[in-house]
2 protein chains.
Amino acid sequence: MTSRDDLGQMPGHLIRRLNQRSTAVFSERMKSAPVELTSVQYAALDVLAREPGIDQARLASLIAYDRATIGEVVKRLEKKGLVARQVNEEDRRARTLRLTADGETALAQVAPLVAALQAEILGKLTEAEQAQFLELARKAVEP
Amino acid sequence: MTSRDDLGQMPGHLIRRLNQRSTAVFSERMKSAPVELTSVQYAALDVLAREPGIDQARLASLIAYDRATIGEVVKRLEKKGLVARQVNEEDRRARTLRLTADGETALAQVAPLVAALQAEILGKLTEAEQAQFLELARKAVEP
DNA sequence: AAAATATGATACGTACACTTACCATATTGA
DNA sequence: TCAATATGGTAAGTGTACGTATCATATTTT
């Protein structure tokens with residue numbers, strides 16, 4: 001019989017391992033941060049800083065997440081006191097999201113760390129290769 | 001103040017979205033399969049077909065997963081009747097893993113589907129770009 | 001051989017990630 | 001305007017994914 005394709009060569013497998021490396025680097029570097037955030041939590045804070053007052057559905061769509069997942073993430077951020085949630089009086093179904101003062105501080109402290117760790121994720125590649133990879137990745141996730 | 005890097009350009013974010021796309025394609029295509037497997041479950045079956053009799057720790061290391069996670073995955077595969085687990089008499093700490101007949105069948109049925117869906121994950125890229133991407137991804141996850 | 005150490009597996013806890021179903025509120029359209 | 005539909009949020013269920021602790025069994029060291 002013909003042998004199946006090697007798992008290790010499959011896009012799906014490679015991408016999963018890449019993501020694994022990415023989250024490992026993120027949480028490792030985050031250990032030395034004043035506030036410990038997961039990468040999703042960071043993404044949420046980042047978007048809320050740019051677009052204060054949006055609701056959860058919009059937040060979810062901006063960072064390409066599921067509504068239910070974002071609900072959980074926001075709940076944890078609220079519990080940590082980094083995000084404030086209040087009912088939108090114009091549309092009582094929606095909850096308006098904002099960073100708290102602590103949230104602003106946390107984001108400001110963590111942002112440089114996150115920016116710095118990005119290169120490390122692709123640390124096995126040369127600068128040119130990293131640029132090339134990002135180019136291809138951007139194209140691959142296009143809607 | 002200087003503006004933070006755009007989230008959408010960050011390796012970590014891009015990789016996460018890629019992985020999201022990958023798992024979405026996988027589960028979408030799997031809906032029409034005779035046996036519905038997750039990508040991790042498939043990876044486990046694939047490795048067990050090549051190396052019957054290995055234990056969970058070795059399986060975890062071969063597909064680059066955490067021991068605890070694989071324990072759960074194997075438990076579900078056992079429940080589905082696709083994998084058999086038995087205490088290794090040479091080392092009573094270890095559990096020896098094997099595909100059942102159903103497991104062999106499931107793998108044979110699903111393997112072509114999985115192979116076919118791989119290209120779709122990178123469907124936004126040309127053939128040449130896909131090859132280039134895989135090359136870079138392989139290098140990026142090197143140990 | 002007893003003590004120290006290492007390793008396989010599991011349990012528990014935390015955090016995603018998504019699906020489906022459901023409730024509340026808005027919007028649309030007959 | 002009132003029924004049909006759409007949308008925001010939550011709840012429940014499934015399945016990763018990993019850290020830490022613990023237990024059982026092996027291996028190594030003294």
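Numbered from 1 within each chain, the chains take letters A, B, ... in sequence-line order.
Neither OP1 nor OP2 of C/dC18 sits under 4.0 Å from any side-chain N or O of B/R21. Considering only side-chain N and O atoms, B/R16 lies nowhere under 4.0 angstrom from the phosphate OP1 or OP2 of C/dC16. Phosphate contact (OP1/OP2 of D/dC18, side-chain N/O of A/Q20, threshold under 4.0 Å): present. A/R95 has a side-chain polar atom (N or O) that falls below the 4.0 Å cut-off from OP1 or OP2 of D/dT10.
With hydrogens and angles ignored, a donor-acceptor pair closer than 3.5 Å exists between the side chain of A/R93 and the base of D/dT7.
The neighbour count for B/Q9 CD, taken as heavy atoms of other residues, nucleotides or ligands under 6.0 Å away, is above 12.
Note on B/L7 and A/V83: same hydrophobic cluster, where clusters join Ile, Leu, Val, Met, Phe, Trp and Tyr whose side-chain heavy atoms are under 4.5 Å apart, directly or indirectly.
Over its length, the helix from C/dA1-D/dT30 to C/dA30-D/dT1 turns its helix axis by 10°, as judged from the five terminal pairs at each end, rounded to 10°.
Looking at every heavy atom in both residues, A/M30 comes nearest to A/L37 through CG-O, 3.2 Å. Taking every heavy atom of both residues into account, B/A108 and B/P112 meet most closely at O-CD, 3.2 Å.
Taking every heavy atom of residues 52-71 of chain B and every atom of DNA chain C, pairs under 4.0 Å involve B/D55, B/Q56, B/A57, B/R67, B/A68, by number.
Annotation: salt bridge (charged side-chain N to carboxylate O under 4.0 Å, His left out) contacts involving residues 101-122 of chain A, sequence neighbours excluded, comprise A/R29-A/E120.
With values rounded to the nearest 0.5 angstrom, B/M10 atom CE is found 4.5 Å from A/Y42 atom OH.
You'll find that the side chain of A/R92 is closest to C/dT25, out of D/dG9, C/dT25, D/dT16.
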Practice task
Evaluate the criterion side-chain hydrogen bond (donor to acceptor under 3.5 Å, both in side chains) for residue pair A/R98 and A/Q86; output intermediate values, then yes/no.
Solution key: CA-CA 9 Å; A/R98 268 167 219 295; A/Q86 69 183 101; 4.8 Å; no
